[in-house]
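Right, one structure below, let's go through it.
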Number of protein chains: 2
Amino acid sequence: MAKAEMGHDHAHSYEAPTKLTRNQSMVFSALREQEKPLTAYAILDRLRGDGLRAPLQIYRALDKLMEKGLVHRLESLNAFVACQHEACSGHSTVAFAICENCGLVDEIEDEAVNREIERVSRERGFLPTRATVELKGLCAECR
Amino acid sequence: MAKAEMGHDHAHSYEAPTKLTRNQSMVFSALREQEKPLTAYAILDRLRGDGLRAPLQIYRALDKLMEKGLVHRLESLNAFVACQHEACSGHSTVAFAICENCGLVDEIEDEAVNREIERVSRERGFLPTRATVELKGLCAECR
DNA sequence: TCGCATATGTTATACTGTAACGCAACCGTT
DNA sequence: AACGGTTGCGTTACAGTATAACATATGCGA
Ligand SMILES: [Zn+2]
Ligand SMILES: [Zn+2]
Ligand SMILES: [Zn+2]
Ligand SMILES: [Zn+2]
């Protein structure tokens with residue numbers, strides 16, 4: 001039962017982040033119901049009952065959701081999480097604190113971290129387009 | 001050949017970076033001959049002529065080399081690079097600036113970046129054990 | 001020497017991600 | 001309504017990354 005916005009036919013105010021397609025909604029819902037990250041195949045397993053059968057259906061939905069800033073990929077886990085902000089299309093960079101005990105992920109946007117990354121890049125003549133910052137350790141609950 | 005080095009220190013001085021085994025030496029050499037990162041399978045291809053046949057031989061060597069701080073894994077590329085410092089067993093955290101045009105990787109140790117990562121973790125009650133920081137963009141040559 | 005830990009070699013398999021194809025739904029134009 | 005472009009969908013097959021399990025070998029210390 002995909003819960004993500006069923007109806008909504010009528011024209012809306014702004015650039016309503018373009019409605020999600022059926023597959024995209026299902027994948028997004030699967031990720032939001034879970035606070036922990038899921039691999040593409042884990043998502044697939046949860047959605048087999050809803051008609052999704054092939055990995056590509058998941059990966060295509062994830063690609064679009066990432067474009068829209070609704071989902072992030074955790075490179076160090078080969079997994080995906082729903083964005084914890086409103087939707088980070090804009091965000092310069094976010095960091096993820098990943099608990100190795102309980103799997104909880106905290107999405108962090110921090111100005112000073114981003115500033116230092118910019119500075120160190122500039123000092124080396126490097127022109128960054130995106131950054132991956134992932135911290136492993138113990139969350140406040142588990143430490 | 002490839003006996004890796006000789007030398008028996010009767011007196012266990014410190015933990016002299018423990019000699020590399022034959023496979024570890026070959027994998028490490030393959031990585032050092034290349035300034036760009038290599039995937040495990042790319043390393044394997046280069047070492048087939050030297051008797052290595054199976055992925056596991058590569059992965060096992062890489063695991064040990066990473067333990068010793070001689071090699072780093074780039075999570076965002078599923079690839080590996082030789083450490084550009086003396087050997088970062090100790091390093092708190094290093095960042096990698098990865099050129100998307102030429103593939104060059106610059107290994108960066110920066111005190112301020114590390115300090116801000118520590119701070120933001122502390123502020124959230126997160127106890128970090130290791131960090132992955134990978135920047136994608138254009139190197140000084142390619143920009 | 002025995003015994004243990006570590007390293008190796010090999011096969012098979014699991015996990016992660018794409019290429020390529022054809023069809024369907026959508027949308028703005030005519 | 002018919003056209004034509006774009007995007008999404010479904011499927012098969014495959015490529016790329018990583019590990020499990022098991023057997024053998026090798027080094028080193030008690
Ligand atoms: Zn976000
Ligand atoms: Zn936790
Ligand atoms: Zn290093
Ligand atoms: Zn470059």
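Convention: sequence-line order gives letters A, B, ...; per-chain numbering from 1.
What separates NZ of B:Lys64 from C1' of C:dA5 is a distance of 10 Å, to the nearest Å. Per the geometry, CD belonging to B:Glu67 stands 14 Å off C1' belonging to C:dA5, to the nearest Å. Here D:dG16 presents its P atom at 10 Å from CG of B:Asp45, a figure rounded to the nearest Å. Note: OH (B:Tyr59) to P (D:dG16) measures 12 Å, nearest angstrom. Distance CD (B:Glu75) to C1' (D:dA18): 13 Å, rounded to an integer number of Å. Distance CG (A:Leu38) to P (C:dC15): 15 Å, rounded to an integer number of Å. Taking atom CG of A:Leu56 as the reference point, atom C1' of D:dC14 lies 12 Å away to the nearest angstrom. Atom CD1 of A:Ile58 and atom C1' of D:dG8 are 14 Å apart (whole Å).
Close to C:dG17, at under 4.0 Å from its OP1 or OP2, lies no side-chain N or O of B:Asn78. The phosphate of C:dA7 (OP1 or OP2) has no side-chain N or O of B:Thr21 nearer than 4.0 angstrom. At D:dA18, one or more side-chain N or O atoms of B:Arg73 fall inside 4.0 Å of OP1 or OP2 (strictly under the cut-off). Contact check, B:Arg22 against C:dG9: a side-chain N or O comes under 4.0 Å of OP1 or OP2. Phosphate proximity of D:dG10 to A:Gln57: present, with a side-chain N or O under 4.0 Å from OP1 or OP2.
Residues B:Glu134 and B:Ser76 bring a donor and an acceptor atom of their side chains to less than 3.5 Å of each other. For the residue pair A:Gln34/A:Arg46, the side-chain donor-acceptor check at 3.5 Å is satisfied. One side chain, A:His72 or A:Glu107, offers a donor N or O that lies under 3.5 Å from an acceptor on the other. Neither side chain, B:Asn101 nor B:Arg143, offers a donor N or O lying under 3.5 Å from an acceptor on the other.
Between A:Glu100 and B:Arg130 there is a salt bridge, with a side-chain nitrogen of the basic residue lying less than 4.0 Å from a carboxylate oxygen of the acidic one.
Nucleotides of DNA chain D nearest to A:Ala61 and A:Pro55 differ in position, and the one nearer the 5' end is that of A:Ala61. Nucleotides of DNA chain C nearest to A:Phe80 and B:Gln24 differ in position, and the one nearer the 5' end is that of B:Gln24.
Residue B:Asn23 has its side chain nearest to C:dG9 when only C:dG9, D:dA21, D:dA18 are considered. Comparing D:dG10, C:dT18, C:dA7 by their nearest atom to the side chain of A:Leu52 picks out D:dG10.
Once the 5.5 Å centre distance and the 30° plane angle are applied, the aromatic ring of A:Tyr41 is found stacked with the base of C:dT16.
Interface remark: the A:Arg60 side chain does form a donor-acceptor pair with the D:dG10 base, using a distance-only criterion of under 3.5 Å.
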